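Quantities reported herein were computed from a predicted structural model and do not represent experimental measurements.
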Amino acid sequence: MAPGKRSASPAPGAPLQLLRWRGRTQVFVERIDGLALPMVRIPAGTFWMGSPDGEEGRSKREGPMRQVRLGEFLMSQTPITQAQWREVAAWKEREGEKWERELRANPSYFVATKGQARLFKDEASTDGRPVEQVSWEDPIEFCSRLSQRTGRTYTLPSEAQWEYACRAGTTTPFAFGETLTDELANYRASSTYGKGPKGAYRKQTTPVGMFPANGWGLKDMHGNVWEWCLDQWHESYEGAPEDGSAWLTEEGGNRLLRGGSWRSDPGLCRSAFRFLLLPDLALYSIGFRVVCLPQGPSLNA
């Protein structure tokens, strides 16, 4: 291949490439038009969504606990990075495609070229950090472009999919156990949860994948950036779907955020914690990750 020339894009709907298979974790990669997007296979199963009455920091918004059954899906291994975002934002419409909104090439606050990010050792740029300062409407467009170009169904995770994937079979406040430390996640570690120790408060985002993965191979599910979910906000789980689909009852309204961020106390980074925000707001602590649904009718339709 000639220097600087890209290889041809795979045909829409071409199989994702299996990147690696380690233990229970299968990682596939979507490669198209300069984008490389690792996706982890999340197995079908049933779990108890929400938090028990005795969990420290619990609110009524995290209940009542209910059993949810989900089908298999793929989830991006990390939040979408600045480099991944920039690639898709630069895509031009092709025949049969329609972009609904413009995506800013560099929306993030923590970019070294803007002077806001302090680079870590061995970090040459902030390309590997999560994109942030994106509204809920921005990742909806990102997913639409991915879906149109690949022929697959990309979307934001439902709230149930997010918590199921975060827990990875665990029932403790965090996927790593009863507490959180600064060696496991990027959060406001000057505060503590349970019997956990104080640690370094980094005061900025960190490169994705810098911390250990949960039991299903997903990284940065606790802290770093809040992650948008597809659902509209509801004050409790009374009447929520039991099949893992997004809870959509009306037009507009607040949308769900999960996972906590670099500036969150550890209790806000728990697997069950829920937060809300208007869909047109974009903050420097908010990013997202995507899911790819099985071919056929969309679970989140």
Side-chain angles (χ1 to χ4, degrees), residues 42 47-70 75 79 130 132 134-137 139-140 155-168 170-176 178-180 185-188 191 193-194 214 218 220-250 252-283 285-291 299-300:
I42 307 301
F47 84 116
W48 285 95
M49 186 172 180
S51 59
D53 289 340
E55 184 167 300
E56 180 182 337
R58 181 190 189 272
S59 75
K60 292 182 179 179
R61 293 175 169 183
E62 298 169 20
M65 289 189 74
R66 73 196 204 286
Q67 196 170 53
V68 181
R69 179 177 297 276
L70 297 95
M75 175 175 268
E132 17 86 12
V134 289
S135 70
W136 180 87
E137 295 159 338
I140 291 296
T155 182
L156 288 174
S158 70
E159 186 181 16
Q161 286 172 331
W162 193 96
E163 185 173 327
Y164 176 66
C166 177
R167 288 188 178 280
T170 64
T171 58
T172 47
F174 306 94
F176 303 111
E178 295 291 342
T179 192
L180 207 56
N186 179 24
Y187 64 101
R188 190 188 294 266
S191 299
Y193 181 89
N214 71 7
L218 296 167
D220 293 281
M221 296 296 285
H222 300 297
N224 214 0
V225 287
W226 288 99
E227 298 180 11
W228 287 111
C229 291
L230 191 58
D231 309 55
Q232 290 161 326
W233 172 260
H234 296 81
E235 286 294 330
S236 76
Y237 292 136
E238 292 284 356
E242 297 181 356
D243 63 356
S245 60
W247 196 1
L248 304 170
T249 55
E250 59 187 19
N254 289 304
R255 298 288 170 162
L256 261 296
L257 290 164
R258 286 301 202 111
S261 78
W262 57 270
R263 65 196 300 261
S264 300
D265 289 343
L268 307 188
C269 301
R270 291 178 296 115
S271 299
F273 187 81
R274 316 168 67 226
F275 196 52
L276 71 157
L277 199 67
L278 288 169
D280 59 349
L281 295 181
L283 305 178
S285 56
I286 298 177
F288 71 104
R289 73 179 72 214
V290 301
V291 297
L299 178 65
N300 289 329

**Message:** Quick one, Trp136 with Asp280, criterion side chain to side chain contact (heavy atoms under 4.5 Å, CB included). Give me CA distance, side-chain angles, the key distance, then yes/no.
**Reply:** CA-CA 6 Å; Trp136 180 87; Asp280 59 349; over 6 Å; no
**Request:** List the steps, then state whether side chain to side chain contact (heavy atoms under 4.5 Å, CB included) holds for Tyr164 with Met75.
**Result:** CA-CA 11 Å; Tyr164 176 66; Met75 175 175 268; over 6 Å; no
**Asked** Yes or no on side chain to side chain contact (heavy atoms under 4.5 Å, CB included) for Glu132 and Trp262, after CA distance, side-chain angles and deciding distance?
**Response** CA-CA 12 Å; Glu132 17 86 12; Trp262 57 270; over 6 Å; no
**Message:** Assess the residue pair Ser285 and Arg263 against the criterion (side-chain hydrogen bond (donor to acceptor under 3.5 Å, both in side chains)); give the C-alpha distance rounded to whole Å, side-chain angles, the decisive distance to 0.1 Å, and a yes or no.
**Reply:** CA-CA 7 Å; Ser285 56; Arg263 65 196 300 261; 4.8 Å; no
**Request:** Could you check Phe288 against Leu156 for side chain to side chain contact (heavy atoms under 4.5 Å, CB included), going step by step and ending with a plain yes or no?
**Result:** CA-CA 8 Å; Phe288 71 104; Leu156 288 174; 3.9 Å; yes
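Between atom CE of residue Met221 and atom CZ of residue Phe176 there is a gap of 10.0 Å, rounded to the nearest 0.5 Å. Atom CG of Asn254 is separated from atom CG of Asp231 by 12.5 Å, given to the nearest 0.5 angstrom. Considering CG of Leu277 and CG of Leu256, their distance stands at 11.0 Å, rounded to 0.5 Å. Distance CZ/Arg167 to OG1/Thr172: 7.5 Å, rounded to 0.5 Å. Rounded to the nearest 0.5 Å, atoms OG (Ser59) and CD (Glu235) are 9.0 Å apart. Rounding to the nearest 0.5 Å gives a distance of 10.5 Å between CD of Glu163 and OG of Ser158.
Judged by distance alone, the side chain of Arg66 and the main-chain N or O of Pro241 form a donor-acceptor pair under 3.5 Å. In this structure, the side chain of Tyr193 engages the main chain of Glu56 through a donor-acceptor pair within 3.5 Å.
The two residues Ala272 and Glu62 have their closest heavy-atom pair at O-CG, 3.4 Å. In this structure, Cys166 and Ala175 approach most closely via the heavy-atom pair O-CB, 3.3 Å. Summarising the geometry of Ser51 relative to Arg58, their closest heavy-atom pair is O-NE, 2.6 Å, with the distance given to 0.1 Å. Nearest heavy atom pair, residue Val68 against residue Ala160, reads CG1-CB, 4.2 Å.
Using a 4.0 Å cut-off between charged side-chain N and carboxylate O, Glu159 and Arg258 make a salt bridge.
With sequence neighbours excluded, the residues forming a side chain to side chain contact (heavy atoms under 4.5 Å, CB included) with Ser191 are Arg188, Asp265, Pro266, listed by chain and number. For the side-chain hydrogen bond (donor to acceptor under 3.5 Å, both in side chains) test, residues two or more places apart in sequence or in another chain that qualify with Glu227 are Trp162, Arg289.
Between Trp226 and Phe273, the ring planes are tilted. Angles from 30° to 60° get that label.
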